[in-house]
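Naming convention: chains lettered A, B, ... in sequence-line order (proteins, then strands); numbering from 1 in each chain. Remember, it's a predicted structure, so these values are computed and weren't measured experimentally.
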There are 2 protein chains.
Amino acid sequence: MASASVKDVAALARVSVGTVSNVLNRPELVAPETVERVTQAMEKLSYVRNEAARQLRLGHSQALGLITLSGGNPFFTDLATAAEDAAADAGFSVIVGNSNDRKDREAGYLSLFEELRVRGVLLSPVGDPAARLRRMRDRGISAVLVDTVSTDSSFSSVSVDDVAGGALAAAHLIGSGRRRLAYVGGPIEIRQVRDRLAGARQEVAKHPGVTLEVVDVGALTVQEGRAAGAVIASRPVSDRPDAVFAANDLLAIGLLQSLFINGRLAIPQEIALVGYDDIQFASASVVPLTSVRQPSALIGRTGVEILLQEAEDPELQPRHVLYQPELVVRESSAG
Amino acid sequence: MASASVKDVAALARVSVGTVSNVLNRPELVAPETVERVTQAMEKLSYVRNEAARQLRLGHSQALGLITLSGGNPFFTDLATAAEDAAADAGFSVIVGNSNDRKDREAGYLSLFEELRVRGVLLSPVGDPAARLRRMRDRGISAVLVDTVSTDSSFSSVSVDDVAGGALAAAHLIGSGRRRLAYVGGPIEIRQVRDRLAGARQEVAKHPGVTLEVVDVGALTVQEGRAAGAVIASRPVSDRPDAVFAANDLLAIGLLQSLFINGRLAIPQEIALVGYDDIQFASASVVPLTSVRQPSALIGRTGVEILLQEAEDPELQPRHVLYQPELVVRESSAG
DNA sequence: TTGAAAGCGCTAACAC
DNA sequence: GTGTTAGCGCTTTCAA
């Protein structure tokens, strides 16, 4: 049995296809009795509207695209959940893709979203897709950058002040007596990674005698954190940092695994540790993790709201919402 | 500027629309020189294929639907990532929805997927959508159940033996001297929650003198675990369990937060704790967590492979793949 | 209040 | 190797 179409429903209800369409979209224009008859026919045939046909006719879909940097990062799942809820309130669905920090994947999802004629896209960029996004905007697909500020500010953005967050972390570490800091993060192409480092550098520069070493990693994952930690743990004490600031909590948890669990280094006594994002697991880690908190759900919700407004009226001036991060101090840096 | 269509491309390249379609889908049928001309025209007009039109013509999309129980659970994000990779290998994309344990959400995504004419759906069911799925199969949308066994076995399934997993956890706890077990999990409608409990019960029944108490929670989240832990911690020592088996790691981590961090109960001395899923964070939690490991990525990949085969040939007999879980012992139960 | 008909962009069958 | 054309299922004028 193939799917029933409006035609089949119309035939069974003995009305025209136009009327069937009307009961679907503007039932107030149809006589109650007719509505009833059509509804029953739909029921009987288990009619399911063909979204592709509807969309073809309408010219665009009722969906939004979202590209996150990493599906495994709870920060992004929280953001995505909030975005979905906000979109659902307005009758939109959201299609999520994870670039996993890869430009080619980002480009792939952008292409998919264009083919799908989504109404707008929300993204945390890896590369610099501004040119591409501008082209998309010309055809009616607006974009809002989340968790990053646009390079050319012609796109709206919703983000958190990562430079301030980096400064917050470094200031805290220096304030509690640490002198040899290390920043573990990468790839450096990611704006968040760069900004958090820049903030830390600013703070370090204010304190002569304090040094900041950069440990570059390939991705913001638990695994990479574990690898970086193993390298740090294997260095002689004199050459080891006395504080590590990780670009996100996933990395920090990996560091915890190799520094504390495997390397048996005392945290925070030998090495203090600060992460970023304050994910749910941070407070329950081996050594509860000091972290820089970001309002993930708020970012997702606000992003969708702005996107929907711009989809409605493309002439709107771009807006830039910047939230402030907050330091949550726990044992990993309390010494 | 509106989007360019095949018509525009054809006009610019001075060929017919059929030829444009051919360079898109079967370029080997077209003269190289023509391919070149058409390609350049596409480039010039920034042509992007309209997926809705293509799909309308083809009768179905190149997408698969996936419904997970919880977006915040790393078990499902791992499963989803593997599913996406497997689908991508076959030229399919996957649209994920989270039911968050709610039947209405599950039904909502099923409707959306039907409207989208996905080729198949992969799901970890909340309710009992068998009837609905059968109707969908009649119209060419096959379904594979993941992380659960079909009630009527007419649908293929890829799952892990949860009864065995529950037994594994309980046997371990009893074997290390525990006598008053508590199972924390819910809602009981979820098959995984039920099966893990059943396995634990089987094991408990083999050991006279061992008791098993069930603490029902509203969802498999860190928050709910925290709430359940607070209740347990507030009970007098004589009335407290000496071991807790949590239906998943999220719950276990929440329990750790309220039992160990807030309640200052010694783990595993006063209460031993075992979780389920062995997510990445389990080994780095306050007290490294004993957990029952499931091959999440393998489940996702296998599920997609079966689904794709069935989409290809709907006459295929349903297959039931059952993986065995594995107990990973860590400190939370080592005493 | 309802019906008839055009057309969204694409693919595939068929003709040349 | 290329062109012509029908038609996928839907919404939306326009007329009755």
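Figure legend: A:Arg137 and A:Phe155 shown as a cation-pi pair, the cationic atom lying under 6.0 angstrom from the six-membered ring centre and within 45 degrees of its axis.
Using modelled atom types, one finds a donor on one side chain and an acceptor on the other under 3.5 Å when comparing B:Gln62 with B:Arg119. Judged by distance alone, the side chains of A:Ser159 and A:Asp147 never bring a donor and an acceptor atom under 3.5 Å apart. Remark: the A:Arg132 side chain and the A:Ser111 side chain contain an N/O donor-acceptor pair separated by less than 3.5 Å.
Residues B:Arg135 and B:Glu114 are paired through a salt bridge, judged by an N-O separation under 4.0 Å between the basic side chain and the carboxylate. We find that B:Asp128 and B:Arg191 are not joined by a salt bridge, their nearest charged nitrogen and carboxylate oxygen being 4.0 Å or further apart. Residues B:Glu84 and A:Arg105 are not paired through a salt bridge, judged by the lack of any N-O separation under 4.0 Å between the basic side chain and the carboxylate.
At most 12 heavy atoms of other shown residues, nucleotides or ligands fall within 6.0 angstrom of atom CD in B:Glu33.
Computed from coordinates, the A:Arg26 CZ to C:dT1 C1' distance equals 13 Å when rounded to whole Å. Put simply, CG on B:Asn22 is 9 Å from P on C:dA12, counting in whole angstrom units. If you measure from atom CG of B:Asn50 to atom C1' of C:dG7, you get 14 Å, rounded to the nearest angstrom. Atom CG in A:Asp8 sits about 11 Å away from atom P in D:dC8, given to the nearest Å. In this structure, NZ of A:Lys7 is placed 15 Å from C1' of C:dG3, rounded to the nearest angstrom. With rounding to whole Å, B:Arg37 atom CZ is found 14 Å from D:dG1 atom P. Protein atom CG of B:Leu29 is 14 Å distant from nucleotide atom P of D:dG3, rounded to whole Å. As a whole-Å value, the separation of A:Arg117 CZ from D:dC10 P is 20 Å.
Judged by distance alone, the side chain of A:Ser61 and the main-chain N or O of A:Arg117 form a donor-acceptor pair under 3.5 Å.
Here the rule is side chain to side chain donor-acceptor pair (under 3.5 Å) with A:Ser156, and of A:Arg319, A:Gln309, A:Glu310 only A:Glu310 fits it.
For the pair B:Thr19 and D:dG1, the criterion of a side-chain N or O lying under 4.0 Å from OP1 or OP2 is not met. Side-chain N/O atoms of A:Ser16 include none lying less than 4.0 angstrom from OP1 or OP2 on C:dT2. Contact check, B:Ser5 against C:dC8: no side-chain N or O comes under 4.0 Å of OP1 or OP2.
Comparing D:dT12, C:dT2, D:dT5 against the side chain of A:Ser21 picks out D:dT12 as the nearest. Relative to the side chain of B:Val30, the nucleotides D:dT11, C:dT11, D:dT2 differ in distance, and D:dT2 lies closest. Distances from the side chain of B:Ala31 to the nucleotides C:dT11, D:dT11, D:dG1 place D:dG1 closest.
Nucleic acid contact class of A:Val20 (heavy atoms, under 4.0 Å, all strands): none.
At a non-hydrogen distance threshold of 4.0 Å, B:Leu56, B:Arg57 from residues 51-62 of chain B come into contact with DNA chain D.
Overall bending of the helix from C:dT1-D:dA16 to C:dC16-D:dG1, expressed as the angle between end axes built from five pairs apiece, is 40° (10° steps).
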